[in-house]
Visitor: 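Okay, handing you the structure first.
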2 protein chains.
Amino acid sequence: MLRFALLISLVAGGLQAASASVAALMPMPLKVESATGQLAIDGTFTAVAAACSDARMEAALSRLTARISRQTGIPMGIGQPADANRPTLRVECVAAGSALPALGEDESYTLDISADGARLKAATGAGTIHGLETFVQLIAPGADGFQVPAIHLEDKPRFPWRGLMIDVSRHWMPLAVVERNLDAMAAVKLNVFHWHLSDDQGFRVESKRYPRLQQAGSDGRYYTQQQIREVVEYARNRGIRVVPEFDIPGHTQSWLAAYPDLASVPGPYTIGRTWGVYDPVMDPTIEATYQFLDAFIGEMAQLFPDPFFHIGGDEVNPKEWNQSARIKEFAQQHNLDGAHGLQAYFNQRIQKTLEKYGKTMIGWDEILHPDLPAAAIIQSWRGAKSLADAAAKGHRGILSSGYYLDHLEPASQHYSVDPLAGPAADLTPQQAALILGGEACMWAEYVSSETVDSRIWPRMAAIAERFWSPKDLTDVNSMYARMEAVSRTLEWTGVEHRANYGPMLDRLTGGQPAEPVRILADASQGLGLGPRARARKYTSLIPLNRFVDAVRPESESVRRLELAAARFLASHEAGDGALLREQFTRWAANDALFQPLAEGNALLAELKPLSKDLSILGGMGLKILDYLGGSQPAPADWISAQNQELTRIQRPNVEVTLAAFRPVRVLLDELARKGR
Amino acid sequence: MLRFALLISLVAGGLQAASASVAALMPMPLKVESATGQLAIDGTFTAVAAACSDARMEAALSRLTARISRQTGIPMGIGQPADANRPTLRVECVAAGSALPALGEDESYTLDISADGARLKAATGAGTIHGLETFVQLIAPGADGFQVPAIHLEDKPRFPWRGLMIDVSRHWMPLAVVERNLDAMAAVKLNVFHWHLSDDQGFRVESKRYPRLQQAGSDGRYYTQQQIREVVEYARNRGIRVVPEFDIPGHTQSWLAAYPDLASVPGPYTIGRTWGVYDPVMDPTIEATYQFLDAFIGEMAQLFPDPFFHIGGDEVNPKEWNQSARIKEFAQQHNLDGAHGLQAYFNQRIQKTLEKYGKTMIGWDEILHPDLPAAAIIQSWRGAKSLADAAAKGHRGILSSGYYLDHLEPASQHYSVDPLAGPAADLTPQQAALILGGEACMWAEYVSSETVDSRIWPRMAAIAERFWSPKDLTDVNSMYARMEAVSRTLEWTGVEHRANYGPMLDRLTGGQPAEPVRILADASQGLGLGPRARARKYTSLIPLNRFVDAVRPESESVRRLELAAARFLASHEAGDGALLREQFTRWAANDALFQPLAEGNALLAELKPLSKDLSILGGMGLKILDYLGGSQPAPADWISAQNQELTRIQRPNVEVTLAAFRPVRVLLDELARKGR
């Protein structure tokens, strides 16, 4: 209890006060005790494993060294033979753990660091892998070079299922995208990669049994079975389970392009190019469907060793079933309650197939039905209530509602969602124990392989903390400060969330200096699925190469300005005032630099009103600062006019919002308050 | 002549006046005629080849499509079947050309673009590849999306040998570094990759005949023969010859670590870790040396198909030969003129071996000697004079003096060096024709795989233009404007010269917001080999992870400020004045933001004086602007004091210079002139 109190005080005290040792930790460990001193990280760095030493652990340690070498820029492992008896980091574990990462295995570890060396202890290989990532996060430049602080740390996860789903159907994600995201997932201790492998817009796995699936259903963009095995192994080595999803019986137009006979209505069908819920669904009334799926699932069950198998089951459009006399008659004959009953019948059949191949079914919350076998796991995307309902009925469940990364909501919003809050808070302890954790979802209507990383990271790290760390860790400022630090260390995993920002902005100017575009982008935030779908008719063929695609979901610099504005009002520090004034001056001046760039350039021309608004905001901010600093009060009608202007400016435009309005709003509200 | 006049007027008129079509062309083509209209580049883009269609050309076209898709962000080749009869780009060539790129083959091409389509014609596959790169450089965002302008373009290179040498010995460069640089080389029409594969600090090729070379001489960091073959093929597909260099008889300590019996003095030897010229050299008097090298060269001659083979021969330290009675006696017996005579004897023996394996010798200018066979090619690194001397003696030659990228000199300086200027200007036309071109050299004492790209690019593009374009193309402002544009398009080849800047700065702050460090870095320029060697004792084990390693050799933003300062003085445009004032204000304010970051951080603490100087510069610049804009003249002693301060500030510090002094210097000089 004492230890936990220390942690809380570290976090609650804010980062200025906290020891630097926790400044880049995310997810925050269960217990952290700082000590004095530090351990140097230099070219002699070595890590050795005892007890749990096997091929996987050796590979993990050599990856660790390579990553630390990248992160610090220090060459390691050449010309400086280390003392094997005194390694920098000694890893001990009780047992290597299961050959594959397994749901519910012991993931705990302890880490002790002193000036003499570091010791990591874990019950299993999984715990070891998490501990190594904590060690990496602790590395920072110090007075004598790179170092980790002396520390005692005890850690284990709150939930056993901590996942990220990536949709590779709507936009194709090459192997490299998957692998670099697995590295980043491991860095924040996620342990489930949910691979959404098929949808209306593409079937992404090679089937040897039904090769037309990839031939007619993928535009040639699919993973070979060899690549799938590579990913499974890659994930395994990072303590991550791979759960495949083949979404049936809806969201299957790409299957039907290859095998139209499985459809409820005669084809032909083509690969979907638009977004939304399609009419075509598999025919649940014919034996051919079940024979096909039996053979297919049998093949995939071999390819994916995890005991869980996701069958989707979401958004099954009842239209064709309801319109078909034949299918309605089948439903009546079998006493099925309309479309939902037909889907339940379908699921029961599939469940038997899965059982035959040793797999446990997972599905989206639409599969919940009185006839659903209790073993099936429910993934709740429509709301926390369906998760609680499922648990109340004895189903295990995972929460995804509230963790939809493609909505591009702020990290703080996802961070506030707890799998055991809301309706789940009323469950009995036994029922609550059925809630295994959560998964963030990266649906791919509005992301490409170039933009997907920046839509996952760094916000995913905040969600990972929600899944791992104690429930009462809720300080948003601490979260943001640590998330921004982790965002930078994540660069060394290979994930491109920061790297692609500059090139995508450069692209817009066609090689001309992009600074005015960058200033506008830094002041903006990209919008997600809903607003984008309303803004224009997108398809998979429309390029995601515009300003909105480059712009980040959250602006780090605007958040800092917002904090500066609040601090300035509270304490009138000159530094904050100067920072605000400098930034407002840049914004005010930016439009004059932006407009010439936009001439004759379609990609920039659409941003002209946005750029103008940013300069208006800059001018407004400067004027408010003048009023706040002067003796003259601001006229009430001026304040009112600015209020109106601000309300106009904060509305979405060209699929982004001008986040820059926020610090100006903070200041204007204060001016209005003073005027009253 | 008319056409050429048009080109010159485009260039001389500056980019504001020039049509956008040449804005990103580098090297500048021989003849450019703009027309009206443009060709849209969208998702239906297709390229087809006639006549020269073979597997290599098909691969080139599919790489082209992929690259254009990356550069524009437009998905290509899915769901939008193009009209095969009306491709976007039609490629025609007379013949596919030789199976391997060959010295002196016809590399010319013509490119015609209209609103209906583009047509590329070339005599060989090599010319085609160059024309495709020109096409890519022409793509820019226009009023209706991405496009290329209607244009007629005729092009061919001035020199047949246009190379880049990369040293992979002193710091190891993994395969990915080599391959991405080959892509960037092809983008600026370079055609020789000179691979410096061995030196005192590492032997980097797998030898099956003498495996101890890589086992004892490489720290495990070498290319397998399979990888070598992959690189040769990769280069071939991009029209690039691969010339291997195995530097003998000096610069061989890594060989001697494996085979000490080849040395002039008994071993043992270890891999070199420090820089400079080592004492150990091979023994030129024993037959074992020649037997070893015969078998070794025979093996490598198979691996590298190019007819040229580089034997180094530079900086052979005469010390051990001069001190050995045995070796001196050998020299006397063979009538050899001391150490240089011994090296000439050695070279004649090696020349015979090379001849036996069908190879022509290249060496650094030290190999020049009356006994050197005329067929040998001289690569001049010690000065243009040795190149002219060699040509006068009938040797073909290539210039590297003046193109040493590791000196981190400005692009303008390299750009001003011409292989046919200086002493070579006095050669007869026949002698001048022996000068085949030039090679830039990237020696690796002060670069790692992380920093090497930013030390090569974009300055290499300016040198490539010197090798390709007409001699009288010398406008430096046009060069810089186009080089900066090409620097951005080069990002899409995969080269990381821009990408690694941000992460390396982030590394210095350990995850904290790095903006003040970035402002300091943008205002600074990294220094090269000489100043770095004087600053501290470097070895291959010392990390290249400091500010100097992140900072660019040239600052784009400072160059723009310098231009703005000159324009401001000439025309007093308010925009330029505002730009200068804003930048000076940022610099002035930056030190206060920087200093707290540097507390307890060794990587930043060393920059404290530099940061202070930047703020002094900012303050000085603001004050000068005040004087220039006011009626009050600046006191003479104030000007004199600022002059002194500026002289102090422009001196190197922490291995960088504060480029920011330059615009301030421009303004201060004007103030001083006015005061007189």
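FYI, side chains are in, hydrogens and waters are out, and symmetry mates aren't considered; it's all heavy atoms of this structure.
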Visitor: State, without any angle test, whether B:Arg482 and B:Ser478 hold a side-chain donor-acceptor pair at a distance under 3.5 Å.
Guide: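 Their side chains do contain a donor-acceptor pair, which is all the 3.5 Å distance test asks for.
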Visitor: Does B:Ser555 use its side chain to pair, donor to acceptor, with the backbone of B:Asp522 at less than 3.5 Å?
Guide: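 Yes, B:Ser555 side chain to B:Asp522 backbone: donor-acceptor pair under 3.5 Å.
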Visitor: Out of A:Ala605, A:Ala602, A:Gly145, return the one with the most heavy atom pairs under 4.5 angstrom to chain B.
Guide: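 It is A:Ala602.
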Visitor: So, A:Phe203 versus A:Tyr222, ring centres under 6.0 angstrom or not?
Guide: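 They do not qualify: ring centres at least 6.0 Å apart.
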Visitor: What residue in B:Gly600, B:Gly510, B:Ser69, B:Ala514 has the most heavy-atom pairs under 4.5 Å with chain A?
Guide: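 Looking at each of B:Gly600, B:Gly510, B:Ser69, B:Ala514 in turn, B:Gly600 comes out on top.
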Visitor: So which part of B:Gln512 gets closer than 4.5 Å to some heavy atom of chain A, the side chain, the backbone, both or neither?
Guide: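 Backbone of B:Gln512 only, per the 4.5 Å heavy-atom cut-off to chain A.
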Visitor: Under 4.5 Å, counting heavy-atom pairs only, tell me which of B:Ala592, B:Pro513, B:Ser557, B:Ala578 racks up the most with chain A.
Guide: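 Heavy-atom pairs under 4.5 Å are most numerous for B:Pro513.
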Visitor: I need the residue from A:Thr72, A:Thr585, A:Leu603 with the largest number of non-hydrogen atom pairs under 4.5 Å to chain B.
Guide: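 So the answer, after comparing A:Thr72, A:Thr585, A:Leu603, is A:Thr72.
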Visitor: Select one option (side chain, backbone, both, neither) describing which atoms of B:Trp172 are under 4.5 Å from chain A's heavy atoms.
Guide: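 It is neither, since no heavy atom gets under 4.5 Å.
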Visitor: Under a 4.5 Å heavy-atom cut-off, does chain A meet the side chain of B:Leu508, its backbone, both or neither?
Guide: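 For B:Leu508, the backbone is the part near chain A, not the side chain.
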Visitor: Quick one: which of B:Pro141, B:Ala485, B:Ser448, B:Ala140 has the most heavy-atom pairs under 4.5 Å with chain A, could you say?
Guide: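 Of B:Pro141, B:Ala485, B:Ser448, B:Ala140, B:Pro141 has the most heavy-atom pairs under 4.5 Å with chain A.
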Visitor: So does B:Ile271 get a backbone contact from the side chain of B:Ser254, meaning a donor-acceptor N/O pair under 3.5 Å?
Guide: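 Not confirmed, B:Ser254 side chain does not pair with B:Ile271 backbone.
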Visitor: Heavy-atom distances under 4.5 Å only: say whether B:Asn601 touches chain A with side chain, backbone, both or neither.
Guide: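 Looking at B:Asn601, backbone and side chain both touch chain A.
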Visitor: Chain B: which of A:Gly502, A:Ala589, A:Pro503, A:Ala499 shares the most heavy-atom pairs with it under 4.5 Å?
Guide: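 Answer, by heavy-atom pair count under 4.5 Å with chain B: A:Pro503.
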Visitor: What part of B:Gln71 is in contact with chain A, defined as an atom under 4.5 angstrom from a non-hydrogen atom: side chain, backbone, both or neither?
Guide: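 Backbone only.
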Visitor: Can a donor-acceptor pair be found, under 3.5 Å and without considering hydrogens, that links the side chain of B:Thr539 to the backbone of B:Thr274?
Guide: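 No, because the side chain of B:Thr539 does not come within donor-acceptor range (under 3.5 Å) of the backbone of B:Thr274.
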Visitor: Tell me, for B:Leu544 versus chain A, whether the close heavy atoms (under 4.5 Å) come from the side chain, the backbone, both or neither.
Guide: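 Backbone only.
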Visitor: Are B:Lys608 and B:Glu599 ion-paired here, with the side-chain N under 4.0 Å from a carboxylate O?
Guide: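 So B:Lys608 pairs with B:Glu599 through a salt bridge.
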Visitor: If you count heavy-atom pairs under 4.5 Å with chain B, which of A:Arg221, A:Arg498, A:Glu450, A:Glu556 comes out on top?
Guide: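 Most pairs with chain B among the choices: A:Arg221.
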Visitor: Looking at A:Arg204, is its backbone amide N or carbonyl O close enough to the side chain of A:Ser218 to form a donor-acceptor pair, meaning the two atoms are under 3.5 Å apart?
Guide: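 Looks like no, no N/O pair under 3.5 Å.
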Visitor: Hey, does the side chain of A:Arg488 reach the backbone of B:Gly511 with a donor-acceptor pair shorter than 3.5 angstrom?
Guide: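 Yes; judged by distance alone, with no hydrogens or angles, the pair exists.
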Visitor: Do you know which of A:Met76, A:Glu484, A:Arg507 has the most heavy-atom pairs under 4.5 Å to chain B?
Guide: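 Among the listed options, the one with the most contacts to chain B is A:Arg507.
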Visitor: Working to the nearest 0.5 Å, report the span between OG1 of A:Thr65 and CD1 of A:Ile74.
Guide: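 Result: 12.0 Å between the selected atoms.
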Visitor: So what's closer than 4.5 Å to chain A heavy atoms on B:Ser540: side chain, backbone, both or neither?
Guide: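 It is the backbone, since no side chain atom gets that close.
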Visitor: Looking at B:Asp200 and B:Gly272, would you say the former's side chain and the latter's main chain have a donor-acceptor pair under 3.5 Å?
Guide: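 Checking the backbone N and O of B:Gly272 against the side chain of B:Asp200, no donor-acceptor pair under 3.5 Å is found.
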Visitor: Specify which of B:Glu582, B:Arg586, B:Met504 makes the most heavy-atom pairs with chain A at under 4.5 Å.
Guide: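 Among B:Glu582, B:Arg586, B:Met504, the one with the most close pairs to chain A is B:Arg586.
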Visitor: Is there a donor-acceptor contact under 3.5 Å linking the side chains of A:His497 and A:Ser487?
Guide: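 A:His497 vs A:Ser487: donor-acceptor pair found between side chains.
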Visitor: Pick from A:Asp219, A:Thr270, A:Asp506, A:Thr451: which one has the most heavy-atom pairs with chain B under 4.5 Å?
Guide: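 When all of A:Asp219, A:Thr270, A:Asp506, A:Thr451 are compared, A:Asp506 has the most.
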